[in-house]
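In what follows, a structure is listed as structure tokens, so that the remarks can point back to it.
Lettering follows sequence order; numbering is per chain, from 1.
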Amino acid sequence: MDERETEDRALMSRVAARDGAAFARLFELHAPVALGLLSRILAERGEAGELLQEVFLQVWMQADRYDADRSSPRGWILMLARSRALDRRRRRESSRRREEIVGGESGGEEVQPLGTERLERRERQRQVSSALGLLTPDQRACIELAFFEGLTHTQIAERLAAPLGTVKSRILLGMQKLRQALSA
Amino acid sequence: MAAAPHSTRIEELLPAYALGALDGEDLRELEAHLDAGCAECRRQLALWERDLEALAASVPPLPPSETTRARVLRLAAATPQAAPAPRAPRWLYFAAAALLLLGVWGAAGQLQMRGEVRRLTSERDRLARQVATLDHEVDLARAEARQAAQALQILAAPSVQSVVLAGLGPTPQAAGHTYVNPQTRDALFYAFNLPRLAEDKTYQLWFIAGGKPVSAGTFGVDERGTGRLRVENVARPEEIQAWAVTVEPRGGVPQPTGAMVLKG
């Protein structure tokens, strides 16, 4: 366990005991990455900011449920964020599908973000995380669809029009490579 | 269905399971195997989950806005302290032990009752926390509604004067609008697409009247680059010739010194 994680664990215990200063510090340390992850999943900055508030409020309210044997505090926070963002994304997609059914052709229009927001998003997408950079483009696409969009094997196969078996092996090999890269 | 025995094939389902990508027969098979209590798979699953945490942390960080930070900390502060899990006083243990020693039947009932009291106490604390959070949300919503009503009062005035501000120099994409109600002398200002500033800087709004700049206040922008300012008691609104926004040291200055980013 590195120094960062040791401090995080101490902070989590204090947050569980309702220490506001420890909570502020935890926010300062982990909110930027959590916001990055929320924005990546939701592809919408305003909604991500709103969800960030919900995630940290959950951290504050449920700090006593954090299980130190299962994950690091940072991992716990990020997985809370991922799960909430995927829920929100699925809800948004299912309501969009409903609108498409009700609204016919006009329902499917995508709202284009403003100029700077679009540039900012493109810039973020260009910044390849170093670990993912070692995967083949196919492996990476499959893992990103599962992790950031919450798709299953079958859904990924449909989305990429690839055989199911191929998708399964891309994910397996990709995850194994990812582990090697992370432990290197 | 009997759980499948441990095998390399089962192990190979774990990374996709951790990702949440497993479905169909694979998912049923692995869950039955895990439910049957395979310790090795649990251990490996925890390792895959750790790898995913690292993947989550590899996204480029984005600093949250000051508004978001302030709101989170305010909401947390408004949530009452959870009462620590009630501990039974020491004498109760002695009493329970004594009752057991005496072979009195009621002891078991008492212990059960204490469990129930503990459960209800923690349920009450949980509800109290929820109520406090909702109260606070209501306060915030009221404040937002008040702001919206004030804005509407200015915007809906028949003689409202509006000015569009255009981005200058390094921020050509920025824009701004001002609305002044000459009767009430209230003004509203909105800025869009302005970059966020360093901690020691602020945006400052000015109106030019009689050839001289007069400060209308300072403002910051949120993560979308949007800023808002309400100005009260604008002196002689009819004499305003122009509006401008400059970048100034935090707290603002009496006369503009920094770069002008919006003008109209």
Taking side chain as C-beta onward, heavy atoms only, is [X] less than 4.5 Å from [Y]?
X: A/L57; Y: B/V72; answer: no
X: A/W60; Y: B/L75; answer: no
X: B/E53; Y: A/S71; answer: yes

Atom CZ of residue position A/R70 - does it have more than 12 heavy atoms of other residues, nucleotides or ligands inside 6.0 Å? no
Test salt bridge (charged side-chain N to carboxylate O under 4.0 Å, His left out) applied to A/K168 and B/E12, step by step: CA-CA 10 Å; A/K168 288 183 186 179; B/E12 286 181 351; over 6 Å; no
So for A/Q176, is it side chain, backbone, both, or neither that comes closer than 4.5 Å to the heavy atoms of chain B?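 Looking at A/Q176, backbone and side chain both touch chain B.
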Is A/L151 in contact with chain B via its backbone, its side chain, both, or neither, using a 4.5 Å heavy-atom distance?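 Backbone of A/L151 only, per the 4.5 Å heavy-atom cut-off to chain B.
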Look at A/E5 together with B/R50 and state whether they make a salt bridge at an N to O cut-off of under 4.0 Å. yes
Could you check whether A/E28 pairs with B/R69 (Lys NZ or Arg NE/NH1/NH2 to Asp/Glu carboxylate O, under 4.0 Å)?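 A salt bridge is absent here (no side-chain N lies under 4.0 Å from a carboxylate O).
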side-chain contact (heavy atoms from CB on, under 4.5 Å) partner of A/H153, chosen from B/L27, B/D23, B/L19: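 Only one of B/L27, B/D23, B/L19 forms a side-chain contact (heavy atoms from CB on, under 4.5 Å) with A/H153, namely B/D23.
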Please classify the contact between [X] and chain A as side chain, backbone, both or neither, with a heavy-atom cut-off of under 4.5 Å.
X: B/A46; answer: neither
X: B/L14; answer: neither
X: B/D26; answer: side chain

Heavy-atom pair of closest approach, residues [X] and [Y]:
X: B/A57; Y: A/V33; value: CA-CG1, 3.7 Å
X: A/I171; Y: B/A21; value: CD1-CB, 4.2 Å
X: B/P64; Y: A/L35; value: CA-CD2, 3.6 Å
X: B/G20; Y: A/T152; value: O-CG2, 4.0 Å
X: A/M79; Y: B/A56; value: CE-CB, 3.9 Å

Contact leader toward chain B among A/F56, A/F148, A/F27, A/W76, where contacts are heavy-atom pairs under 4.5 Å: A/F27
CE on A/M175 to OH on B/Y17, rounded to 0.5 Å: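 The distance works out to 13.5 Å.
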